[in-house]
Participant: 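First, the structure itself, so that you have it in front of you.
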Amino acid sequence: MEKILEVNDLKISFHTFSGEVQAIRGVSFDLNKGETLAIVGESGSGKSVTTKSIMRLLPEQSSEFKSGEILFKGKDLTKLNDKQMQKIRGKDISMIFQDPMTSLNPTMTVGKQIMEPIIKHQKLSKSEAREKAVKLLDLVGIPNPEIRFKQYPHQFSGGMRQRVVIAIALACNPQILIADEPTTALDVTIQAQILELMKSLQKKVETSIIFITHDLGVVANVADRVAVMYGGKIIEVGTVDEIFYNPKHPYTWGLISSMPDLETEEEDELFAIPGTPPNLLNPPKGDAFAPRNQYAMKIDLEKEPPMFKVSDTHYAATWLLHPDAPKVEPPAAVQKRMKMYQEQHK
Ligand SMILES: Nc1ncnc2c1ncn2[C@@H]1O[C@H](COP(=O)(O)OP(=O)(O)OP(=O)(O)O)[C@@H](O)[C@H]1O
Ligand SMILES: [Mg+2]
């Protein structure tokens with residue numbers, strides 16, 4: 001499989017009044033051509049900082065790139081100057097954010113906003129760009145695109161606005177589309193429609209997608225592979241089947257247990273992983289998840305686990321995978337959901 005993006009040992013900190021926040025502490029992953037990689041993890045685990053650093057959208061004043069490589073088709077983006085990076089941003093790699101209203105300019109028609117990157121990056125004439133913009137509106141499922149082209153964002157519903165944002169992101173046929181929780185601000189039915197749209201678009205436009213979410217529930221339907229983040233690191237990565245059918249890290253078990261299952265009623269309280277994420281001002285010495293891990297061993301408090309190999313595509317950073325560790329089965333709630341997943345995807 002052809003790698004389009006390779007992130008190696010990325011480390012990023014923020015300088016704050018309280019000290020240095022070690023937000024990203026050695027993240028490595030790759031993205032293959034045409035695949036959707038989901039990045040999941042609790043709030044603060046580092047999903048947005050990781051992807052914003054790819055786009056170089058972190059605040060210049062307070063953030064510090066400590067080390068690492070971000071190879072886009074073999075070229076290290078961290079070595080590019082701002083001008084070279086501008087050529088890549090919005091053209092080769094584009095990004096969709098959570099809230100469609102803040103990504104759109106309220107004073108400009110949506111048509112103009114879609115035309116803007118086309119004119120900037122593709123050097124098409126105005127009329128060609130216009131034609132392309134209308135086609136894009138149609139592609140993302142907006143009825144009457146000719147009329148809609150001339151309207152302003154406030155004339156669109158939330159779900160329709162997010163479709164416009166997707167059209168802008170796709171305007172220059174990017175090779176990588178980063179979607180940072182693109183549906184969390186929308187209600188559930190609209191969420192499902194936008195996810196459906198992204199899935200069908202990927203087939204049509206052949207873009208590689210990084211899909212960020214804290215909802216493991218949507219991952220099974222959109223992603224090919226999953227990277228689980230905790231405390232500024234990727235602690236497990238695998239194909240969707242490997243993560244749902246054979247999860248290895250107790251944190252991944254916690255995330256899976258937090259998903260509703262078939263018997264969950266609306267009034268039932270969902271499982272929540274006890275405790276709080278690590279303090280990144282002063283990250284713990286061993287496995288950052290140890291204080292919340294009921295299976296933690298002595299070594300978890302002393303030494304960071306390496307990524308243990310489970311298969312060619314599946315790795316997890318937990319001492320439970322060490323050959324000398326006791327054999328531990330996932331808790332019942334996880335096994336129940338593993339079975340459910342298996343039945344749904346037979
Ligand atoms: N501008 C900033 N200044 C200081 N710390 C920051 C800044 N931006 C992010 N952080 C810290 O970096 C860490 C990772 O944040 P990030 O936004 O990547 O989390 P996330 O996984 O995207 O969470 P969420 O699900 O809430 O979006 C957090 O500890 C956060 O507090
Ligand atoms: Mg985020």
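What's counted below: heavy atoms across the whole structure, side chains too, no hydrogens, waters or symmetry copies. We count ligands from 1, going down the list as the structure has it; atoms in each ligand are counted the same way.
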Participant: What is the nearest protein non-hydrogen atom to atom 28 (C) of ligand 1, stated with its residue, atom name and distance?
Facilitator: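 That would be Gly44 O, 3.6 Å.
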Participant: Which protein N, O or S atoms lie under 2.8 Å from the Mg ion (ligand 2), given by chain and residue number?
Facilitator: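 You should have found Ser48 OG.
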Participant: Would one find an N or O of Ser43, backbone or side chain, under 3.5 Å from an N or O of ligand 1?
Facilitator: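 Yes: some nitrogen or oxygen of Ser43 is under 3.5 Å from one in ligand 1.
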Participant: Which atoms of ligand 1 are found less than 4.0 Å from any heavy atom of Thr16?
Facilitator: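 Matching atoms, with element in brackets: 4 (C).
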Participant: Under the 3.5 angstrom rule, does the side chain of Arg161 hit a backbone N or O of Phe156 as a donor-acceptor pair?
Facilitator: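 Such a contact is found between Arg161 side chain and Phe156 backbone.
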Participant: Distance-only criterion, 3.5 Å: show the donor-acceptor pairs between side-chain atoms of residues 36-46 and protein atoms not counting sequence neighbours.
Facilitator:
residue, atom, partner, partner atom, Å
Thr36, OG1, Gln202, OE1, 2.7
Thr36, OG1, Gln202, NE2, 3.0
Glu42, OE1, Tyr251, OH, 3.3
Glu42, OE1, Arg292, NH1, 3.0
Glu42, OE2, Arg292, NH2, 3.0
Ser45, OG, Glu42, O, 2.8

Participant: Under 3.5 Å, side chain of Gln162 to main-chain N/O of Phe97, donor-acceptor pair present?
Facilitator: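 At least one qualifying donor-acceptor pair exists.
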Participant: If hydrophobic clusters are built from ILVMFWY residues whose side chains come within less than 4.5 Å, do Met95 and Leu136 share one?
Facilitator: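 No, because Met95 and Leu136 fall into different hydrophobic clusters, even though each may have its own neighbours under 4.5 Å.
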Participant: Could you tell me whether the side chain of Asp300 and the main chain of Met297 form a donor-acceptor pair under 3.5 Å?
Facilitator: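 Side chain of Asp300 to backbone of Met297, a donor-acceptor pair under 3.5 Å: yes, one is there.
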Participant: Between Pro247 and Thr252, which heavy-atom pair has the shortest distance, and what is it?
Facilitator: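 It is CB-CG2, 4.0 Å.
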Participant: Quick one: does ligand 1 sit under 4.0 Å from the side chain of Glu42, the backbone, both or neither, non-hydrogen atoms only?
Facilitator: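 The answer is the backbone of Glu42.
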Participant: CD1 of Ile234 to OG of Ser28: how many Å apart, nearest 0.5 Å?
Facilitator: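 Reported to 0.5 Å precision, the distance equals 7.0 Å.
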Participant: Below 3.5 Å, N or O to N or O, backbone or side chain included: is there any such pair between Ser45 and ligand 1?
Facilitator: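 The answer is yes, given that Ser45 and ligand 1 share an N or O pair closer than 3.5 Å.
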Participant: Determine whether a donor-acceptor pair (N or O, by modelled atom type, separation under 3.5 Å) exists between the side chain of Trp319 and the backbone of Ala325.
Facilitator: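 No: the side chain of Trp319 does not pair with the backbone of Ala325.
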Participant: Heavy-atom contact under 4.0 Å between Gly41 and ligand 1?
Facilitator: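 Judged by the 4.0 Å heavy-atom criterion, Gly41 does not count as contacting ligand 1.
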Participant: Does the protein come close to atom 20 (P) of ligand 1 - that is, does one of its heavy atoms sit below 4.0 Å from that atom?
Facilitator: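 Flag for atom 20 (P) of ligand 1 set to true, protein heavy atom closer than 4.0 Å.
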Participant: Could you check whether Arg148 and Gln151, counting side-chain N and O atoms only, form a donor-acceptor pair closer than 3.5 Å?
Facilitator: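 Short answer, yes.
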Participant: Any donor and acceptor pair, going by atom type alone, linking the side chain of Ser311 with main-chain N or O of His314 inside 3.5 Å?
Facilitator: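 Checking the backbone N and O of His314 against the side chain of Ser311, a donor-acceptor pair under 3.5 Å is found.
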Participant: Say whether, by atom type as modelled, one donor and one acceptor occur between the side chain of Gln113 and the main chain of Asn105 under 3.5 angstrom.
Facilitator: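 Yes: the side chain of Gln113 pairs with the backbone of Asn105.
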Participant: Give yes or no for whether the N/O distance cutoff of 3.5 Å, strictly under, is met between Pro59 and ligand 1.
Facilitator: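 It does not: no N or O of Pro59 is found under 3.5 Å from an N or O of ligand 1.
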Participant: Which bit of Leu280 gets closer than 4.0 Å to ligand 1, counting heavy atoms only: side chain, backbone, both or neither?
Facilitator: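 Near ligand 1, Leu280 shows its side chain, while the N, CA, C and O stay back.
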Participant: So for ligand 1, is Lys47 a polar contact partner (N or O within less than 3.5 Å, distance only)?
Facilitator: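 N/O-N/O distance under 3.5 Å: yes.
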Participant: Between Ala23 and ligand 1, is there a nitrogen or oxygen pair with a distance under 3.5 Å?
Facilitator: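 N/O-N/O distance below 3.5 Å does not exist for this pair.
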Participant: With only distance considered, is Phe14 within less than 3.5 Å of ligand 1 through an N or O on each side?
Facilitator: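 No, since none of the N or O atoms of Phe14 sits under 3.5 Å from an N or O of ligand 1.
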Participant: For ligand 1, which part of Asp180 has a heavy atom less than 4.0 Å away: the side chain, the backbone, both, or neither?
Facilitator: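 Answer for Asp180: neither.
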Participant: So does Glu64 get a backbone contact from the side chain of His15, meaning a donor-acceptor N/O pair under 3.5 Å?
Facilitator: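 Such a contact is absent between His15 side chain and Glu64 backbone.
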Participant: Glu181 heavy atoms, cut-off 4.0 Å: which ligand 1 atoms fall inside?
Facilitator: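 What qualifies from ligand 1 is 25 (O).
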Participant: Given the protein's heavy atoms, is any one of them under 4.0 Å from atom 2 (C) of ligand 1?
Facilitator: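 Within 4.0 Å: yes, protein heavy atom nearby.
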Participant: Do the non-hydrogen side-chain atoms of Phe149 and Lys112 ever get within less than 4.5 Å of each other?
Facilitator: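 The answer is no, as the side chains (C-beta and beyond) never meet within the 4.5 Å cut-off.
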Participant: Looking at Ser48, which atoms of ligand 1 are within less than 4.0 Å of one of its heavy atoms?
Facilitator: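 Answer for ligand 1: 17 (O), 18 (O), 20 (P), 22 (O), 27 (O).
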Participant: Can you tell me which residue and heavy atom of the protein come closest to atom 18 (O) of ligand 1, and the distance to 0.1 Å?
Facilitator: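 Going by distance alone, atom 18 (O) of ligand 1 is nearest to Val49 N, 2.8 Å.
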Participant: So, do Leu10 and Arg25 sit near enough that their side-chain heavy atoms are less than 4.5 Å apart?
Facilitator: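 In short, these two side chains do not touch, never coming nearer than 4.5 Å.
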